[in-house]
Amino acid sequence: MMTKIQKRSFYLLFLLLIFTVSSVVAQSTVVTGVITDAADKRPVPSVTVIFKGTKIATKTDAQGKYRLSAQIASTHIEINYVGYKTQSVPVKAGQEQQINIVLQEDSQALNEVTVNSAKKAKYRNKDNPAVELIRQVIAHKSLNRLESDSTVEYQQYDWMQFSLSNLSEKFKNKKIFKNYQFLFDQQDSGAVGGKNILPVYLRERLSQYYYRKSPQKTKIITLADKHVNFDDGLVDNNAIGNYFERMYADVDIYANNIVFTNSQFLSPIADGAPAYYKFFITDTLKNQQPQLIELSFIPRLPNALLFEGKIYITMDGKYAVQQAFLKTGKDVNINFVRALEVKLNFEPDIRGKFHLVKSHLLMDFGLGNEKGRGFKGERSVTIKNYKTNIPRPDSVYSGESMVMAAGAENRDAAYWANNRLEPIGEDKLKIYGNIDTLGQMKSFKRMMDLVTFFFIGYKNLGPVEIGPLYSFYTFNNLEGFRLRFGGRTTTDFSTRFYFDTYAAYGFKDEKWKYFFSGAYSFNNKSIYKFPQSFVRASFRRDMSIPGEEAVNGIPEDNLASSFRRGVNDKFLYNDFYKVEYQQEYLNHFSFNVGFRKWTQSPAGNLLFARQTDLGTQNLAQLTSTEFNLRLRYAPFEKFYQGKVFRERIIEKYPVFELDYAAGVKGLFGGENAYHNLTASIDKRFYLGQFGRSDVRLEGNYLFGQVPFPLLRIHKANQSYSYQVYAYNLMNFLEFVSDHYVSLNVDHNFNGLILNRIPLLRSLKLREYVTFKGLYGGLRNENDPLMNSSLLQFSVNEDGIATTYHLGNRPYMEASAGLGNIFKVLRFDIVRRFNYLNHPDVSKWGLRAKVQFEF
């Protein structure tokens, strides 16, 4: 038993222990709070918060929340995040407290590192630790990419916003905006886009991604999709959405090249990055797990399509990217983009492999200086529920690569509130209601009506549209002054039936021309929407230049095409009866099957003449009837989809086409039997810093004997504008073939050479080279020189032949051009290499083209 003295000592010791523990606990410092972005008030995940002078740190979660505690008497916390200013914030030692932090963007451009000595150190790759580090990152890319796992799946939520930016108070308070003040938002005046912005578009999307390495397949299921809807009578919502989506593509820093606005930027960790970038080790973060190296980089050439910024590399032997901040320099050769910033954040999975969890892309567009009005676009991506190497049945990957879940476009507000992977501010969501209100305002409708008429070319009258504007007035040598008036129905008239028509009159030939078509849509959508499914019948009576019909079926009819060079005196009057069925599938395979009757009559100085026993016989017309089949496959094709148009977005994926026509003699007056087969491949090749090439390879063979108007009349160009898919120094009706192969290459160096010339690089010009080759011929059975019973080739007023077939030599022409002149013009000097002895041909030519490119 304890004595009284022992008991007293024990109680005293116990009380002393309690007091000591209480003192330690009392000194514990706990800090909690939320970290947000100063510009848009959104929470910022993965921000490092650390007790200054210690290794005790934490990171914010997806909602920007953090909690940091330590049993030390710390007086400051430090906040670090890529692309933002580092902050040191005082705290009350030994207390629990809430401190919310607002991050200010660090917009200061990176400067080249210099040595403070009398002599500036020369940058070199050899024995440079920063270059050795980036080479380790490059060597380990394959291990850190998504494709290194057998399967990957995750959920992705992204929002995309587009706004008018840099709006002054004077502009905001103009009379025209008197009723629209509710549309404007204010932000930090130092942020990209200025103080006043006017949000005009918002799109949210929630998707489930699946990736399988072998056999390779990606499956994306859109679970929910919501976007701003303008009045369909004023604006095409699908066209706007597709256009914005194209501009804000996914950013894969591990890829060699990153595509923005159809321009290809070299990644700072591309295989050849050390040849294009200068790298500097600017910090070592030892308080992180794993430790990080801050690696800064700048372009060697300011005008090139390169970034400047910082990346944070893990020093755990895997050399993965943990964070990245990329931006373009002010001198980069890209049009209208005043600022481009990308922020990427990666987190480790349970194996320690880093994967993307957050990206934020911002672009500021404008015609003038940084303070002028422009457009601001943002896209934020959040990734959660990242899982790897989980086997899934084949049914998960079967079918189309991109599918829309049932009801995805009709999710209600409760669904979005419960399923967004990242909270979005109410200030952004109000745009949905704002646009609905705006669409009801008569003044806005009038303004958009005028904009649509002048830029799209059609005047909307509800169920019908009048236009196109650019074809109201044209002129040519046959018709002289030509007036045309036309229109078409819209979805307000019917979602099943579509009609299109025009009437034209030539004041010189005093003839009426007209066109009418009617279509029925099987899928109750516009006949222009993907996937197409319709039947159409049409009749057209009009004039054309020989060779135009073989390319697109509709002759050029606009004011720009009225200005011609050289002799242009051979024309056709045509009657077309056509019936066709078009069917398109979700995998972008389509077919078109149809029947056509074509009666063509010579006009101008064109004659259909043949030799008979009684002498020369001139035919008044030539009739052909044929069945047509077109097969087309364009994997992963994207396009700007409008209500009454669809324009293909040229990407790296090829487009295959196969056309077959069978002429039937005796059917509806058809005079010839033949089979015509044409195949083509179109593909864009991205060549990194060397630019890009658009290549078209085409081949044709015609079986049977036909007169020359039914041969392939090769596409010539006698205008002063440069045409990519025509022969710009070939005359109309100069060459015909019944078999040929052709190659067309148009290469854009994107300023590769001129960016290196000090006096020229500020102009941001771009170099183009093209080559066009055509090799083919004419079998004896289709050669009028070998068979006098055929229609004879055309001759000029002096009796000299002006139509030929290719001999043993291919027709070749090439050009060298300068583009981006005043940001919209391209001039090419064109050189024709052979067949120079033909009448009225030129060896050299200068052509111009209006070309809008970023």
Side-chain angles (χ1 to χ4, degrees), residues 476-478 543-551 564-573 600-622 624 671-672 674 700 702 704-719 726-740 742 772-813 830 832-845:
N476 57 70
N477 290 340
L478 179 67
M543 56 78 61
S544 69
I545 296 172
E548 290 183 335
E549 304 300 337
V551 177
R564 305 286 188 182
R565 62 174 178 85
V567 179
N568 182 25
D569 60 359
K570 296 177 176 61
F571 301 91
L572 291 171
Y573 287 120
Q600 49 185 319
S601 304
N605 289 331
L606 180 65
L607 295 175
F608 287 174
R610 64 183 179 187
Q611 298 298 320
T612 67
D613 295 337
L614 300 177
T616 302
Q617 179 187 18
N618 291 327
L619 299 183
Q621 62 184 34
L622 176 67
S624 60
E671 301 173 45
N672 295 275
Y674 55 86
N700 168 269
L702 187 148
Q705 185 181 68
V706 297
F708 81 84
L710 296 181
L711 297 171
R712 176 53 57 93
I713 302 174
H714 296 291
K715 178 69 173 176
N717 175 30
Q718 284 189 222
S719 72
Y727 299 99
N728 289 282
L729 287 179
M730 183 185 289
N731 290 333
F732 294 132
L733 199 55
E734 184 178 357
F735 287 101
V736 297
S737 301
D738 61 13
H739 62 279
Y740 71 89
S742 65
K772 298 177 183 181
L774 173 65
Y775 183 72
L778 201 60
R779 302 189 305 275
N780 289 342
E781 62 180 313
N782 287 318
D783 188 350
L785 299 178
M786 299 293 181
N787 189 340
S788 60
S789 64
L790 292 172
L791 297 184
Q792 300 299 297
F793 286 153
S794 298
V795 297
N796 60 17
E797 293 178 349
D798 298 324
I800 300 174
T802 57
T803 300
Y804 307 87
H805 63 80
L806 295 162
N808 295 325
R809 297 171 298 157
Y811 173 90
M812 293 185 296
E813 68 177 43
V830 189
R832 175 168 167 163
F833 292 103
N834 46 19
Y835 298 100
L836 300 175
N837 59 334
H838 292 180
D840 301 313
V841 301
S842 300
K843 188 176 183 179
W844 295 93

Problem - Minimal non-hydrogen separation, Phe732 against Ala716, with atom names - result: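 Heavy atoms of Phe732 and Ala716 come nearest at CE2-O, 3.5 Å.
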Practice task
Please report the closest heavy-atom contact between Lys772 and Ala726, naming both atoms and the distance.
Solution key: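 Heavy-atom minimum between the residues: NZ-O, 2.5 Å.
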Problem - Residues that Phe608 engages under ring pair (Phe, Tyr, Trp, His ring centres under 6.0 Å), provided they are two or more places apart - result: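 If we apply the ring pair (Phe, Tyr, Trp, His ring centres under 6.0 Å) test to Phe608, skipping adjacent residues, there are no hits.
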Exercise for the section: Only counting residues at least two apart or in another chain, list the ones meeting ring pair (Phe, Tyr, Trp, His ring centres under 6.0 Å) with Phe735. Expected result: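 Checked Phe735 against ring pair (Phe, Tyr, Trp, His ring centres under 6.0 Å); matches are Tyr811, Tyr835, His838.
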Exercise for the section: Please list, chain by chain and in numerical order, all residues satisfying side-chain hydrogen bond (donor to acceptor under 3.5 Å, both in side chains) with Tyr775, sequence neighbours excluded. Expected result: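 By the side-chain hydrogen bond (donor to acceptor under 3.5 Å, both in side chains) rule, Tyr775 matches no residue at all.
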Practice task
Using side-chain hydrogen bond (donor to acceptor under 3.5 Å, both in side chains) as the criterion, list what pairs up with Gln621, not counting sequence neighbours.
Solution key: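 Partners of Gln621 under the side-chain hydrogen bond (donor to acceptor under 3.5 Å, both in side chains) test: none.
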Problem - Interatomic distance, Asn568 atom CG to Asn605 atom CG [nearest 0.5 angstrom] - result: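 These two atoms lie 10.5 Å from each other.
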Practice task
Measure the OH-CD distance between Tyr804 and Glu734 for me, rounded to the nearest 0.5 Å.
Solution key: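 Separation between the atoms: 7.0 Å.
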Problem - Pairs involving residues 775-789, ordered by first then second residue, that meet salt bridge (Lys or Arg N to Asp or Glu O under 4.0 Å) (sequence neighbours left out) - result: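 The answer is Asp738-Arg779, Arg779-Glu781.
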Practice task
Taking Asn477 for its side chain and Lys570 for its backbone only, find out whether a donor-acceptor pair lies under 3.5 Å.
Solution key: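 No, because the side chain of Asn477 does not come within donor-acceptor range (under 3.5 Å) of the backbone of Lys570.
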Taking the side chain as every heavy atom from C-beta outward, state whether [X] and [Y] have any pair of such atoms under 4.5 Å apart.
X      : Y      : answer
Ser624 : Asn672 : no
Leu702 : Arg712 : no
Leu711 : His805 : no
Ile545 : Gln718 : no
Asn700 : Ser737 : no

Handout entry: Worked verdict on Val706 versus Asn782 for side-chain contact (heavy atoms from CB on, under 4.5 Å)
Key = CA-CA 6 Å; Val706 297; Asn782 287 318; 4.1 Å; yes
Practice task
Quick one: which residue pairs count as a side chain to side chain donor-acceptor pair (under 3.5 Å) with a foot in residues 793-802, not counting sequence neighbours?
Solution key: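 For residues 793-802: none.
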